[in-house]
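Computation of the quantities below employed the complete heavy-atom set of this structure, encompassing side-chain atoms and omitting hydrogens, waters and symmetry-equivalent molecules.
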There are 2 protein chains.
Amino acid sequence: MEFRIDSEWFSKAISDVSKAVSMKTPFPILTGIKITAHQDSLMLIGSNSDLIIEKMIPLTIDGEKILEVNQTGSVVLTAKYLSEIVKKLPRGNMHVKADEKQMITLQSDEIVTSLNGFRSEEYPSLPEIDETNHVRISSSEIIDMIKQTAFAVAKNETRPILTGVNLSFEGNRLTCAATNSHRLAVRELPIDSTIKGSFIVPSTSLNELIKLIHNKTDFIHIVVSESYMAFKSDTASLYSRLIEGNYPTVSGLLPKDAKTVITLDTKKLLKGIDRACLFASEWKNNNVYVEIKDGTKIMISSNSSEIGKIEETQPIKSIDGERELSISLDGNFLMDALRAIKEEEIRVSFGGSMKPVLIEPIGNSTCLHLISPVRSY
Amino acid sequence: MEFRIDSEWFSKAISDVSKAVSMKTPFPILTGIKITAHQDSLMLIGSNSDLIIEKMIPLTIDGEKILEVNQTGSVVLTAKYLSEIVKKLPRGNMHVKADEKQMITLQSDEIVTSLNGFRSEEYPSLPEIDETNHVRISSSEIIDMIKQTAFAVAKNETRPILTGVNLSFEGNRLTCAATNSHRLAVRELPIDSTIKGSFIVPSTSLNELIKLIHNKTDFIHIVVSESYMAFKSDTASLYSRLIEGNYPTVSGLLPKDAKTVITLDTKKLLKGIDRACLFASEWKNNNVYVEIKDGTKIMISSNSSEIGKIEETQPIKSIDGERELSISLDGNFLMDALRAIKEEEIRVSFGGSMKPVLIEPIGNSTCLHLISPVRSY
């Protein structure tokens, strides 16, 4: 294997696939990145047991020559050292050559680095996925969808299915849902898909996907097998293992009727809850107390006998239903939901002080958040 | 106590004095900030057993009214909560009022916060220092001096005096020195001082001083007592406890003669050592091997049997003395010294492969760095 490459593009690709590489694997070869030089491209792969990231570097980008392959072949190099050394080499052209003992030489100007590699034959192969059924979604929509749901998954692993985001393909609609059983985030997307069924994707994989696709690529193709879902752009692919199990039916969780529906300013509420959480964080559940007064304003408060207390009022923009109400909510859950909403105003529906609160952005019916109350103090 | 204050200036002052506040003190009152409202200013103090930071907020700054004191008095408030809540309140005017039970109310718009305070009488008083003898130094020179020496102190506490920087006032000269017994950094400054003697100041205090004075204030007054050194600007003071003991005599450590003296590019050498350290960091002492070849170039290399090796050559700009030499150095010590040098070129003097290496910036005779070699591989 021998090639010449622009060090910046090489470094960027190494950094992208490194995100799937675990330092703590019992299999030394999985601490490495597999580099394969083809006649017309360089392929890099990083993986752990749940996630595989593949990145392709073509011969030219935007008409500029960035890669020249002198001899095809492949090798596996420890991600940590490869990534650090390529970052520290001067920008410009780099000459990479492997000998028959998996010793790789990287040369830039008068700097010669040698790295011990692994035999690439021992590196696991990519999962095979039938690409007949697939769906094509714009990358910005995929990113939005993940940001609006993935935060709501369960952080602990007592119920593994809840650590994933449920992607449900049904007719012309993709529904994404995440819950930790105390809160729920749902986002719907109209799609044109030949995939059918419901899949649970680890939230960690989806968070890596956001970093990998940025906003740059135009479209992502999703394909799926029994145990993997793959997200593919022109130059990058992410394969995520699926979580086995049956996800709770989301539609059954949504409240049917509301006693009070109010309209509030999203950012202002977020800031108020953030302040109240300062005194609430010392408590179990981060209890923040929310009260509707006279139907004209809400009062947000929290109280810690040791530290002190905070109390603020914010105007209600409009109200329907009962004009007095009080409820205790987990301030952090509330903040997570409010941060995921881009719209300026929200509609908050209360079913009573012990019923879940429904939060929906105004002017966008594709996403919703549901938060269960905590026992009041 | 009652005052109205611009929240931004208040927040900045709280953040400055908080740096001296320890969260892990056995004395609860020391987790607090003492706030004293005088007729014409607000004083804030944060302290731990080694360091005290005092900050003054005047009634007006640049002609703009930022403080109005309605009733003088003082109180102590937990730094953590005070700092977080003031940061999260909307920018603008804030009304602060204490009741007779040390309960403080902070009000901004419709947000009312109450914090439990401590009795200010129990807060320790500032050390008394006779200000007859003092020295006045520009803050930019103080900052340079600290940045060029403080990094070289010992990190472990086996010899406490080596964790401090030695400030020695003699005639019209201030000499600052720091060493961990394997490397030494020295900086001299011409001064006009009535202080005489040698003092050891904890490097941690000096690093806080840099953050406190930034580059903004024009001059710093230094005063000193038996156990404290104080650094004072118009609006801020930092009191540091001194470390007791006799500091080693620096002049005796400097090498008298050199076998080889070469000139190198500072930044280029730093980058080369940084790359070599990647393979050296796995080793004890971060050994980097430096070799002079034919008197025209140096070769920097390091080698790890497990990972690989790196080798690069850099041109020598000029050479005096023997034209062949090799030495092993701690790469991190070398990088620290090179980072502290602003000048483009350095003179490196070698006394032999087992003698300390002297590094001096070209065109600046006020600072020098000395690094002992490590046993070669």
Side-chain angles (χ1 to χ4, degrees), chain A residues 28 31-32 77-78 80-91 101-117 267-268 270-282 293 297-315 335, chain B residues 28 31-32 77-78 80-91 101-117 267-268 270-282 293 297-315 335:
Chain A
T31 63
L77 288 172
T78 310
K80 184 183 160 197
Y81 299 109
L82 179 65
S83 136
E84 286 188 39
I85 195 68
V86 173
K87 250 185 250 162
K88 289 182 179 190
L89 288 173
R91 292 183 169 194
K101 286 176 182 163
Q102 280 80 47
M103 171 69 92
I104 279 70
T105 309
L106 299 93
Q107 176 151 14
S108 315
D109 303 336
E110 299 198 46
I111 307 159
V112 183
T113 315
S114 308
L115 287 171
N116 301 327
K267 282 226 169 61
K268 199 167 177 177
L270 174 59
K271 285 186 183 170
I273 301 295
D274 188 23
R275 285 187 280 265
C277 274
L278 184 57
F279 293 94
S281 59
E282 300 289 306
K293 296 221 167 193
K297 54 192 180 182
I298 60 159
M299 194 181 81
I300 304 161
S301 62
S302 72
N303 188 330
S304 149
S305 54
E306 277 181 37
I307 310 161
K309 61 183 178 185
I310 188 165
E311 211 175 85
E312 73 177 274
T313 54
Q314 294 189 359
M335 283 201 287
Chain B
T31 62
L77 288 172
T78 309
K80 184 182 159 197
Y81 299 108
L82 179 64
S83 135
E84 285 186 41
I85 195 69
V86 173
K87 249 185 252 161
K88 289 182 179 189
L89 287 173
R91 294 184 168 191
K101 285 177 182 162
Q102 280 81 48
M103 171 69 91
I104 279 70
T105 309
L106 298 94
Q107 176 151 15
S108 315
D109 301 336
E110 298 196 49
I111 307 159
V112 184
T113 316
S114 308
L115 287 170
N116 300 326
K267 281 226 171 59
K268 199 166 177 177
L270 174 58
K271 285 186 182 169
I273 302 295
D274 187 24
R275 284 187 282 264
C277 274
L278 184 56
F279 294 94
S281 59
E282 299 290 306
K293 295 222 166 191
K297 55 191 180 186
I298 59 160
M299 193 181 82
I300 303 161
S301 62
S302 72
N303 188 330
S304 149
S305 54
E306 276 180 39
I307 310 162
K309 62 184 178 187
I310 187 164
E311 211 175 84
E312 73 176 274
T313 54
Q314 294 189 358
M335 282 202 287

- For chain B, find which of Thr105(A), Ile300(A), Ile85(A), Asp109(A) contributes the most heavy-atom pairs closer than 4.5 angstrom. Ile85(A)
- How long is the gap from CG on Asn116(A) to CD on Glu306(B), to the nearest 0.5 Å? 9.0 Å
- Check whether Thr313(B) gets within reach of chain A through its side chain, its backbone, both or neither, counting any heavy atom under 4.5 Å. both
- Proximal component of Leu77(B), with respect to chain A [non-hydrogen, under 4.5 Å]: neither
- Task: Pick out which of Lys271(B), Glu311(B), Glu312(B) makes a side chain to side chain contact (heavy atoms under 4.5 Å, CB included) with Ile111(A).
- Result: Glu312(B)
- Atom pair SG (Cys277(A)) and CD (Glu84(B)), whose distance is rounded to the nearest 0.5 Å: 11.0 Å
- Taking atom NZ of Lys297(B) as the centre, report whether more than 12 heavy atoms of other residues, nucleotides or ligands fall under 6.0 Å from it. no
- Task: Answer with side chain, backbone, both or neither: which region of Ser114(A) has an atom nearer than 4.5 Å to a non-hydrogen atom of chain B?
- Result: both
- Message: With rounding to the nearest 0.5 angstrom, report the CG to CG distance, Leu89(A) to Leu278(B).
- Response: 9.5 Å
- Top residue by heavy-atom pair count (under 4.5 Å) with chain A, among Leu106(B), Asp274(B), Leu115(B)? Asp274(B)
- Task: Side-chain contact test, heavy atoms from C-beta onward, threshold under 4.5 Å: evaluate it for Pro90(B) versus Arg275(A) and give yes or no.
- Result: yes
